[in-house]
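Have a look at the structure that comes next, please.
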Amino acid sequence: MSSAIPLNVGIARSADSAGAGKRVLLAEPRGYCAGVDRAVETVERTLEKHGAPIYVRKEIVHNRHVVETLRDRGVVFVDETDEVPEGAVLVFSAHGVSPAVHEAAAARSLHTIDATCPLVTKVHQEAKRFARDDFDILLIGHEGHEEVEGTSGEAPEHVQLVDGPAAVDDVHVRDENKVIWLSQTTLSVDETMETVQRLRERFPKLQDPPSDDICYATQNRQVAVKAMAPECDLVIVVGSRNSSNSVRLVEVALNAGARAAHLVDYAREVDPDWLSGVTTVGITSGASVPEILVRGVLDLLAEHGYGEVQPVTTANETLVFALPRELRTASARR
């Protein structure tokens, strides 16, 4: 999926050449992951094929700009299937839905197109598999997040939500020999492993998932931020406040040594006071953020004297997911 490249030496060399001048460290990879790219293109293709209006359950991805842009093109975002006219076209978001949501859509004769990220689908399949084997499934994630609701809905009688290390003491299982942990795909790797460690202290025979649940893109973006954060007086993360992976990037930056870190949707939200006394600014963006928003922040920083931009590359991402079957013949992939 990606290949890691050592980075710290490159940053240090660039810093020497930069002297005391203002500079930007630009994290790579950043922005759209394969699952988000697939989800957004799914909505765009559905619009092309069926015409407006089409409906999307919840936000297709957690990004304000993307949602507002699609709404302007005729997409209607709803919270539940009963808000969609019978027989209409409904797209399920990248975060996935429970079987109950599929059933509710079928009951209204909706034409559904599933934009669930394949990596989320993998976690759903794991939940179903271990529920069939009568395991207690400890799902590490944030209460109320759509992805957690969808995964839990696959086997509600077997899944317990563990919302961080502090929640571990409240976990109860039927058989300590049949316990496995799964996770929301967009979490902080470090916090997730801290939760797993505490769970394992309570349940020594806790089993690991068959493969890593935290999405490759989430991990890659966190690794890039960790590489540049120690050099940064300030890290600006472009992303929305309801984007779990974007919020985590702020936390990762602070924990990795950045003096300050802030989350913004748009360049206009950058407070000039943040730049006071700042020599090095790190920039990254969450996995649902289009690059045009990052460019806006770079342009703003250039106006404040941060004209030198140095990439910090820790991985190369080449993964691409196929569109949902209903859309693959609509037109050639751009």
Side-chain angles (χ1 to χ4, degrees), residues 1-2 4 95-96 98 117 119-227 229-230 237 243-258 261 286-287 314-315:
M1 293 181 184
S2 61
H95 310 103
S98 69
C117 173
L119 300 180
V120 174
T121 299
K122 176 184 74 70
V123 181
H124 281 225
Q125 297 301 326
E126 291 170 351
K128 290 191 285 187
R129 168 188 164 187
F130 287 100
R132 284 195 300 268
D133 292 339
D134 202 29
F135 273 71
D136 280 316
I137 300 167
L138 308 182
L139 178 60
I140 301 172
H142 296 305
E143 186 172 3
H145 193 281
E146 289 104 297
E147 183 184 329
V148 165
E149 292 176 350
T151 302
S152 298
E154 294 287 0
E157 69 283 1
H158 288 85
V159 174
Q160 291 183 63
L161 178 63
V162 185
D163 196 342
V168 169
D169 291 342
D170 297 327
V171 174
H172 300 282
V173 302
R174 296 168 297 157
D175 181 352
E176 293 190 7
N177 294 306
K178 297 190 72 174
V179 185
I180 187 164
W181 69 272
L182 303 177
S183 81
Q184 181 181 329
T185 63
T186 54
L187 299 180
S188 158
V189 177
D190 293 339
E191 182 179 345
T192 299
M193 296 320 297
E194 181 184 349
T195 304
V196 171
Q197 181 179 346
R198 291 195 60 180
L199 284 170
R200 204 176 301 283
E201 289 170 359
R202 283 202 61 196
F203 310 110
K205 295 186 179 180
L206 177 72
Q207 294 191 31
D208 296 325
S211 59
D212 199 345
D213 282 349
I214 296 180
C215 144
Y216 77 96
T218 296
Q219 295 188 54
N220 285 350
R221 280 146 191 73
Q222 291 176 16
V223 168
V225 167
K226 286 180 182 179
V237 178
S243 166
S244 177
N245 76 89
S246 298
V247 172
R248 300 289 85 73
L249 287 173
V250 174
E251 297 171 356
V252 168
L254 291 171
N255 290 335
T314 54

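In what follows, residues are counted from 1 in the order of the sequence shown.
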| field | Partners meeting ring pair (Phe, Tyr, Trp, His ring centres under 6.0 Å) with H158 (sequence neighbours left out) | value |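 Scan of H158 (ring pair (Phe, Tyr, Trp, His ring centres under 6.0 Å), adjacent residues dropped) gives none.
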
| message | Checking F135 now: which residues fulfil ring pair (Phe, Tyr, Trp, His ring centres under 6.0 Å) with it, not counting sequence neighbours? | response |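 Here the qualifying residues are F130.
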
| task | Apply the test side chain to side chain contact (heavy atoms under 4.5 Å, CB included) to residues L199 and V171: give CA-CA distance (whole Å), side-chain angles for both, the deciding distance (0.1 Å), then the verdict. | result | CA-CA 9 Å; L199 284 170; V171 174; 4.3 Å; yes

| If you take all heavy atoms of A227 and T314, which pair is closest and at what distance? |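 Taking A227 first and T314 second, the nearest heavy atoms are CB-CG2, 3.9 Å.
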
| field | H124/E154 under side chain to side chain contact (heavy atoms under 4.5 Å, CB included): CA gap, chis, key distance, verdict | value | CA-CA 7 Å; H124 281 225; E154 294 287 0; 2.8 Å; yes

| said: Can you list everything that forms a salt bridge (Lys or Arg N to Asp or Glu O under 4.0 Å) with R174? Sequence neighbours excluded, please. | reply: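 Once residues adjacent in sequence are excluded, the partners of R174 under the salt bridge (Lys or Arg N to Asp or Glu O under 4.0 Å) criterion are D134, D136.
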
| said: For the CH2 atom of W181 and the CG atom of L139, what is their distance to the nearest 0.5 Å? | reply: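 Rounded to the nearest 0.5 Å, the CH2-CG separation comes to 10.5 Å.
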
| query | S152 side chain to V148 main-chain N or O, any donor-acceptor pair under 3.5 Å? | reply |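 Indeed, once roles are kept as given, a pair shorter than 3.5 Å links the two residues.
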
| request: Side-chain contact test, heavy atoms from C-beta onward, threshold under 4.5 Å: evaluate it for L187 versus T218 and give yes or no. | output: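 No, every pair of side-chain atoms sits at 4.5 Å or beyond.
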
| request: Output all residues satisfying salt bridge (Lys or Arg N to Asp or Glu O under 4.0 Å) with D212, sequence neighbours left out; order by chain, then residue number. | output: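 Checked D212 against salt bridge (Lys or Arg N to Asp or Glu O under 4.0 Å); zero matches.
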
| said: Working to the nearest 0.5 angstrom, can you tell me the gap between N177 CG and K205 NZ? | reply: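 N177 CG to K205 NZ: 4.0 Å, rounded to 0.5 Å.
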
| query | Which heavy atom in K178 sits nearest to a heavy atom in D133, and how many Å separate them? | reply |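 Here K178 and D133 meet closest at NZ-O, 2.6 Å.
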
| field | Nearest heavy-atom neighbours spanning S183 and T192 | value |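 Closest heavy-atom pair between S183 and T192: CB-CG2, 4.3 Å.
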
| query | Quick one: salt bridge (Lys or Arg N to Asp or Glu O under 4.0 Å) pairs with a partner in residues 182-191, sequence neighbours left out? | reply |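 Sorted result for residues 182-191: D190-K226.
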
| said: Donor-acceptor check, side chain of Q219 to backbone of I214, threshold 3.5 angstrom: yes or no? | reply: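 A pair under 3.5 Å: yes.
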
| request: Sequence neighbours left out, what passes side-chain hydrogen bond (donor to acceptor under 3.5 Å, both in side chains) with E147? Give chain and number order. | output: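 Checked E147 against side-chain hydrogen bond (donor to acceptor under 3.5 Å, both in side chains); matches are T185.
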
| Between R221 (side chain) and A217 (backbone), is there a donor-acceptor pair under 3.5 Å? |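 Present.
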
| task | Would you check if the side chain of Q184 reaches a backbone N or O of H142 as a donor-acceptor pair within less than 3.5 Å? | result |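 Yes: the side chain of Q184 pairs with the backbone of H142.
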
| field | Derivation and outcome, side chain to side chain contact (heavy atoms under 4.5 Å, CB included), residues H145 and S244 | value | CA-CA 8 Å; H145 193 281; S244 177; 4.0 Å; yes

| field | Note: R202-D169 ion pair, threshold 4.0 Å (strictly below) | value |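 Salt bridge flag = no for D169 with R202.
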
| Roughly how far, to the nearest 0.5 Å, is CG of L119 from OG of S211? |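 Atom-to-atom, S211:OG and L119:CG are 9.0 Å apart.
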
| task | Determine the minimum heavy-atom distance between A155 and A127, stating which atoms define it. | result |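 Where A155 meets A127 most closely, the heavy atoms are CB-O, 4.3 Å.
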
| query | What is the distance from atom NE2 of H95 to atom OG1 of T186, rounded to the nearest 0.5 Å? | reply |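 Separation between the atoms: 7.0 Å.
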
| message | Between N245 (side chain only) and A287 (backbone N and O only), is there a donor and an acceptor less than 3.5 Å apart? | response |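 It does hold such a pair.
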
| message | Quick check: do I180 and L206 have side-chain heavy atoms less than 4.5 Å from each other? | response |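 No, their side chains stay 4.5 Å or more apart.
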
| field | Worked verdict on L182 versus I140 for side chain to side chain contact (heavy atoms under 4.5 Å, CB included) | value | CA-CA 6 Å; L182 303 177; I140 301 172; over 6 Å; no

| field | Cationic N near anionic O, under 4.0 Å, R200 to D208 | value |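 Salt bridge present between R200 and D208.
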
| query | R198 side chain to P165 main-chain N or O, any donor-acceptor pair under 3.5 Å? | reply |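 At least one qualifying donor-acceptor pair exists.
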
| task | Kindly give the heavy-atom pair with the smallest separation between V252 and S188, and that separation in Å. | result |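 Residues V252 and S188, closest heavy atoms: CG2-OG, 4.4 Å.
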
| query | If every non-hydrogen atom of S246 is compared with every non-hydrogen atom of G286, which pair is closest and at what distance? | reply |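 Taking every non-hydrogen atom into account, OG-CA, 3.3 Å.
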
| field | Gap separating the CD atom of E126 from the OG1 atom of T121, nearest 0.5 angstrom | value |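 The distance works out to 11.0 Å.
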
| query | Roughly how far apart are T151 OG1 and D213 CG, rounded to 0.5 Å? | reply |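 So the gap between those two atoms works out to 8.5 Å.
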
